Structure formats: structure tokens, C-alpha cells
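Fair warning: this is a prediction, and the values are worked out from it, not measured in the lab. Throughout, protein chains are lettered first and strands after them, A, B, ... in sequence-line order, and every chain is numbered starting at 1.
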Amino acid sequence: MIWKIHFDMMSNMAKQIWISDIQDGNYDDSEVEIKGWIHRFRGSKKIWFMVIRDSTGTIQCVIKKEIVGEDVFNLLRNSLTESSLVIKGIVIQTDREHGRELQVTSGKIIGSVNPEKPYPITESAMEEAEGGETEFLLDKRHLYLRTSRMTKMLKIRSSVFSAIHSFFRDLDFIEYQAPNFVAGAVEGGSTLFEVPYFGRKAYLTQSWQLYAEAAMPALERLYTIAPSFRAEKSRTRRHLTEFWHAEMEVAWASNEEIMNYGEKLVRHISSSLIDERSAELEAVGRDLDKVSKFADMTFPRMKYDEAIEILQSKGVDVEWGQDLDYSKEKILTQDFEVPNFLTHYPKIAKPFYHRADPDDDKYVLCHDLLAPEGYGEIIGGGERTWTEKEILERIDEEGTPRDAYEFYIDIRRYGGVPHGGFGLGVDRVCAWLSGADHIREVIPFPRDSRRVTP
RNA sequence: GCCGACAUAGCUUAGUUGGUGGAGCGGUGGACUGUUAAUCCACAGGUCGCAGGUUCGAGUCCUGCUGUCGGCGCCA
């Protein structure tokens, strides 16, 4: 009974027709009711034009006083941008600019806009702000989400998330959740957000990995998409303090095999976007041929030592043993058409959980995937140090206290196996595949060292 | 943590060697029967980020503060 009442209410409010369906020609010459928001308007005393927006697109509505009558005409004519409404009309095909139009027969305003506080985001607010990165638009982010560029970015983002889930689930991976409150660091100690925790200190997690390794002997193939937090005061177009991290962990796997998963995942995301979001990609200015290459071409692999040689041959001042910072990454990737793997970093440049190369223990079995066009590192991963003896040696070498990693060491004490995994920066992938100028363009409410609002 | 810029109406901005701040968009009123970033006329809207200083006089010059933006390091 209660269910039925609820259902009836829902069916009254539920939207029947989307604007994209009308523009696709499914309702030509018939009367339809659409629900949406006023995007733009113009007109005269007897005829009024409103472009109505919903989540799927826009359509121009033609309102003639002689058809709708004076009351409805004046009501609609006096309504401002972003008023919400329900409007009825006949779908007519025209050869004018915006495809089909609605010859309006009636309409009512649902949520009005006060003329004393009109919608603040105007054309001029955006003309100097490709991508919406002015201070004003960042302050009005909750309203900026409605603009067509941001809507397209959010749709692209949704497809990236969906592609990651389908990739892992099609391979029978188990989705597995780790806590976001943690007691210690995964990487260096300086990047943790400290939060009060009932009189103690806790931290926001930087990575799912350590907890995933705990479940590796139980699930063998596991993945997640979850936020990670890093308290770095980074001021670049590639960094957020809260970012979405797609991570995976596999038992019985080598660095080589983990890389194969990473390459297939990134190519799968690229081809999914081509299938699902070509229109959106083009609308935000991305060249589809480039994205197709990311989907179709194999990703070259290069050892750290080769990268150093290439850089030195180009006259870059770099010594063996240094981690490759962004300025060097950029020089290395500037001629790339597709992402490239960089493997076998010196042990001294990487943390203890990376497994030393049995062939030459100056190196570790790890990989970074560097995106082309300066978008930076999109994957970091590798084989884990998996025996008790080796993990204790590596922890001691780094001077890290063992206590903090007791549970991590325990995993090796009870049936340790070779295993590995990687972390992929989902927001970075979204920025790269959409060709965004800044990582903020692809996440609804970006968080960085200077901004936590709105 | 380091380096570099910027701050004028709701928004985007002009503002000369220091002499009482202009425009476009948006808003309000009006004109126009097919516009499409509509057009045209009129009106309203500003402690020039904050606090000091120099000067007869500061949006403009100097100092400090705050906020924001960009770049580096760190990484996804």
C-alpha cells in the first residue's frame, strides 16, 4: 500500500521525455511535455524564444502569444535564466540552426529566479575562462556544474569510472574496500592529512594498497576505485589533495603481467570513451584520432637506464639514481604519441614495498606509465617485496620502524606469494583523455591546498 | 617548502606622466511578429581587496596583510 502511494507520486513527477530523444526525431509532429531549465531567451511582445536545457541537450521553444494566451506568455516572458519549468508543445522540424523546435502550447514555471539575484554565470564570465578556472567560477562551482562544458566533462568522467569497473569485473576481479582512516603512511611521512580521532591521531589514507595486500591471499584478484588523500601543497595542473585512485592487486603476478593489466585497462578506457562519448570529447575540443591511437597502439616500455641515456644525450643534466621529476618526464614524453612505461628504477629512488630485481638488486621491479602531452604519470605500480626476510631487510635499509608495519609483515609470514599491483590516477586519466588544461576541469568539486569550498 | 603574477559594478574589463571612475554582458523599463551570444533606446548598480604611508591631491607611487592564480619540488 505504502509502496503504491509512493509509486503513484513518482509516476506523476517522473520525466517521460528527454530533449535528446526529441532531437533524435522520435517525436516529430507530436505533442510532448518536457521538463528542464531556461538556458537563454530573446524575443518581442508577441513572440518569445527560449532555449531549454535538460541533462541530455537543448531545444529552442517558440512561444506565441496568440497560441498560449496572455497569461502564460507573460509568465514565460518574465522568467529568467535557470528558472525550471514544465512546457508542452508540438515538435516541429526546421532547417534553422538548432535542429528541431517546440511550438509551445502551454507551460508553467516550477522554480523561479528572483530578478534581484539573477543567475550569476553570464557569457562574459566564461569567455575568458576556457574550462572554468577563474576564481569566480571556482567559487560558484555549484552553479558552474550546469554549464555545457562541465556537464560534458562529468559524462566523460562517468564513462571512465564505468570502463574501469567493467574492465576488472569482466576479468573476475573482486571489488574490495579499505578504510579511509588509517594509522600510518604508505609512502613518505610528510604527505598525510592528520585528523583528530577520539583523543588520538588518525590519518586519511593515501592508498588502498597495504590493505589490499592483506586481502590478496583471500581474493587473489582485487580492485577498487576510491579517494586517496595527499597533504602536498602542490600547485600544478596535475595535482589534487583528494583524488580518485583506481588500484588493483593480483596474487602470483610479475611486474610484466601487472604492466599488461595496466596497458589493457588504459586502452579499454580509451576505446570505451570513443564508443560512448565521442560527441562529448569533440565538444570539449579533443581530437578523436589521438584518443583512438591511445586505444589501438601498444605502449612502449623502457628501462630507467635507457631513459637516463636518452635524457643525457639530449643534454639534460641528470645523474643515475635520481628519481625522474616532472621537468625530465616532460622532455622524455614530448615525442610520445601514446603512454610509455618506465621500468626498473634504482632501489634508492623507491620505497621498501617495491621488490628488488633478483637479476640486479640495484634496481626494483616497478613501473610508471607516463601519459603523453605533458599529462604526467598516470600509473605507478610493480611487484611487491613478498618474503619476510626481504621485507625486513628493505624496512631496515630505509630506517623505517618495523612496528608500524607489523600487519604488513605478517602477510609475508603466513604463506607469502609473489604478487603486485598498480594505482591509476582516475582524474589524471580523465584530464588527459578529454584534453583538459587542468585536472580541476574534470572533477565536480576540486580540492587543492588552497581550496576546500564550495 | 620555494619562485613569479594579479586584486576596479553581480560578471568580463578600460583607466595616459598622480588631478572626483568608463564600457560590454547580466538586471529593470520601453521598441520590435522568427530570434538564435538578437538588435535599438533609457535607467539603476562602485568605500577601486584590507590597513598604513608619501603627496595640496592616490584606482594610479611605497610598505605590510589577506585572498586568488601560475610554475617548481612531491606524486596518481
Q.
Classify A:H39 by what it touches in the nucleic acid, base, sugar-phosphate, or nothing, heavy-atom distance under 4.0 Å.
A. nothing
Check your understanding: Using atom C1' of each nucleotide, how far apart are B:G10 and B:U28 to the nearest Å?
Key -> 14 Å
**Prompt:** Hey, do the aromatic rings of A:H344 and A:Y304 have their centres closer than 6.0 Å?
**Reply:** no
Value for CE (A:M248) from CH2 (A:W208), rounded to nearest 0.5 Å, stands at 8.0 Å
* Asked: If you look at every strand shown and take non-hydrogen atoms under 4.0 Å, does A:K65 touch a base, only sugar-phosphate, or nothing?
  -> nothing
*asked:* Are there over 12 heavy-atom neighbours, none belonging to A:K155, within less than 6.0 Å of that residue's NZ?
replied: yes
Under a 3.5 Å limit on both distances, the Watson-Crick or wobble mate of B:G1 is B:C72
Per atom distances to the A:D325 side chain, the nearest of B:C75, B:C72, B:G73 is B:G73
From CZ of A:R42 across to P of B:G34 the rounded distance in Å is 13 Å
**Prompt:** When rounded to the nearest Å, what value does the distance between P atoms of B:U39 and B:A5 take?
**Reply:** 39 Å
TODO: Describe the nucleic acid contact of A:R40 in one word from base, sugar-phosphate, nothing, applying a heavy-atom distance below 4.0 Å.
DONE: sugar-phosphate
Q) Taking the six-membered ring for Trp, are A:F173 and A:F168 parallel (under 30°), tilted (30 to 60°) or perpendicular (over 60°)? A) tilted
Taken to the nearest whole Å, CD/A:E242 to C1'/B:C75 is 16 Å
Does any N or O in the side chain of A:T56 come within less than 3.5 Å of the main-chain N or O of A:I19, such that one atom is a donor and the other an acceptor?
yes
To the nearest angstrom, the CD1-P distance between A:I92 and B:U35 comes to 14 Å
In Watson-Crick or G-U wobble terms, with both distances under 3.5 Å, the base opposite B:C40 is B:G30
Does any N or O donor sit under 3.5 Å from an N or O acceptor when you compare the side chain of A:E232 with the base of B:G1?
no
Checklist entry - Which value, in whole Å, describes the distance between the C1' atoms of nucleotides B:G24 and B:U8? => result 15 Å
task = For A:G423, answer base if it contacts any base atom (sugar-phosphate contacts may also be present), sugar-phosphate if it contacts only those atoms, and nothing otherwise; contact means non-hydrogen atoms under 4.0 Å.
result = sugar-phosphate
Whole-Å distance, A:L369 CG to B:C75 P, equals 17 Å
| request: Select base, sugar-phosphate, or nothing to describe what A:S327 touches, counting heavy atoms under 4.0 Å on all strands. | output: sugar-phosphate
Out of B:A76, B:U33, B:C25, minimum distance to the side chain of A:T122 belongs to B:C25
When rounded to whole Å, the CG to P distance for the pair A:N74 and B:U28 reads 14 Å
Of the listed B:G67, B:A38, B:C69, the closest approach to the A:E135 side chain comes from B:G67
A:Y375 OH to B:A76 C1', in whole Å, measures 16 Å
Testing B:G70, B:A76, B:G27 for proximity to the side chain of A:L240, the answer is B:A76
How about A:F167 and A:Y223: are their ring centres within less than 6.0 Å of each other?
no
Ionic contact status for A:D139 with A:R451, cut-off 4.0 Å: yes
*Under the 3.5 Å rule, do the base of B:G73 and the side chain of A:S234 count as making a donor-acceptor pair?*
yes
Could you give the distance separating B:U13 and B:G46 at their C1' atoms, to the nearest angstrom? 14 Å
**Asked** Is there a stack between A:Y326 and B:G73, judged by ring centres under 5.5 Å and planes under 30°?
**Response** no
Check this for me, if you would: do A:R230 and A:E242 make a salt bridge, where the nitrogen-to-carboxylate-oxygen distance has to be below 4.0 angstrom? no
Any side-chain N or O of A:R77 under 4.0 Å from OP1/OP2 of B:G30? no
A:L80 has its side chain closest, among B:C75, B:U28, B:C11, to B:U28
Next item on the list: Tell me what A:F136 touches on the nucleic acid: a base, only sugar-phosphate, or nothing, going by heavy atoms under 4.0 Å.
Entry: sugar-phosphate
Distance, C1' atom - from B:C62 to B:G73, rounded to whole angstrom
33 Å
Checklist entry - Is the phosphate of B:G27, meaning OP1 or OP2, less than 4.0 Å from a side-chain N or O of A:K117? => result no
Quick note, A:P118 side chain, CB onward, closest among B:G26, B:U33, B:C74 is B:G26
The residue among A:K350, A:K303, A:R301 that forms salt bridge (Lys or Arg N to Asp or Glu O under 4.0 Å) with A:D368 is A:K350
task: Report yes if at least one side-chain N or O of A:K233 is closer than 4.0 Å to OP1 or OP2 of B:G1; otherwise report no.
output: yes
Whichever of A:N78 and A:H239 has the more 5' nearest nucleotide on RNA chain B, that residue is A:N78
| query | When you compare B:G70 with B:G34, how far apart are their P atoms, in angstrom units rounded to a whole number? | reply | 45 Å
Across every strand shown, the nucleotide meeting Watson-Crick or G-U wobble geometry with B:C61 (both distances under 3.5 Å) is B:G53
Of the listed B:G70, B:G27, B:G34, the closest approach to the A:E101 side chain comes from B:G34
Select base, sugar-phosphate, or nothing to describe what A:V62 touches, counting heavy atoms under 4.0 Å on all strands.
base
Using Watson-Crick geometry (N1-N3 plus N6-O4 or O6-N4) or G-U wobble (N1-O2, O6-N3), each under 3.5 Å, B:C6 is paired with B:G67
- Query: Can you find a donor-acceptor pair, distance only, under 3.5 Å between A:R235 side chain and B:G70 base?
  - Reply: yes
Note to self: Just to be sure I understand the rule, does A:D427 reach a base, reach only the sugar-phosphate, or reach nothing, if contact means heavy atoms closer than 4.0 Å?
What the structure shows: nothing
Rounded to whole Å, the CD1-C1' distance (A:I121 to B:U12) equals 13 Å
When A:I379 and A:P115 are each assigned the nearest nucleotide of RNA chain B, the 5'-most assignment goes to A:P115
Would you indicate what A:R451 reaches in the nucleic acid, counting non-hydrogen atoms under 4.0 angstrom: base, sugar-phosphate, or nothing?
sugar-phosphate
Would you mind classifying the nucleic acid contact of A:I47 as base, sugar-phosphate or nothing, using non-hydrogen atoms under 4.0 angstrom? base
message = For the P atoms, the ones on B:G4 and on B:A42, what distance do you get once it is rounded to whole angstrom?
response = 49 Å
Interatomic distance, CZ@A:R146 vs OG1@A:T81, rounded to 0.5 Å, equals 11.0 Å
>> Suppose you measure atom C1' in B:U16 against the same atom in B:G22; what distance do you get, rounded to whole Å?
In response: 14 Å
Have a look at A:Q103 and say if it touches a base, only the backbone sugar-phosphate, or nothing, with a 4.0 Å heavy-atom cut-off.
base
Of the candidates B:G27, B:A76, B:U33, the side chain of A:E66 sits closest to B:U33
Atom CZ of A:R428 and atom P of B:C74 are separated, to the nearest Å, by 12 Å
Looking only at B:G70, B:C72, B:G34, the nucleotide nearest the A:T236 side chain is B:C72
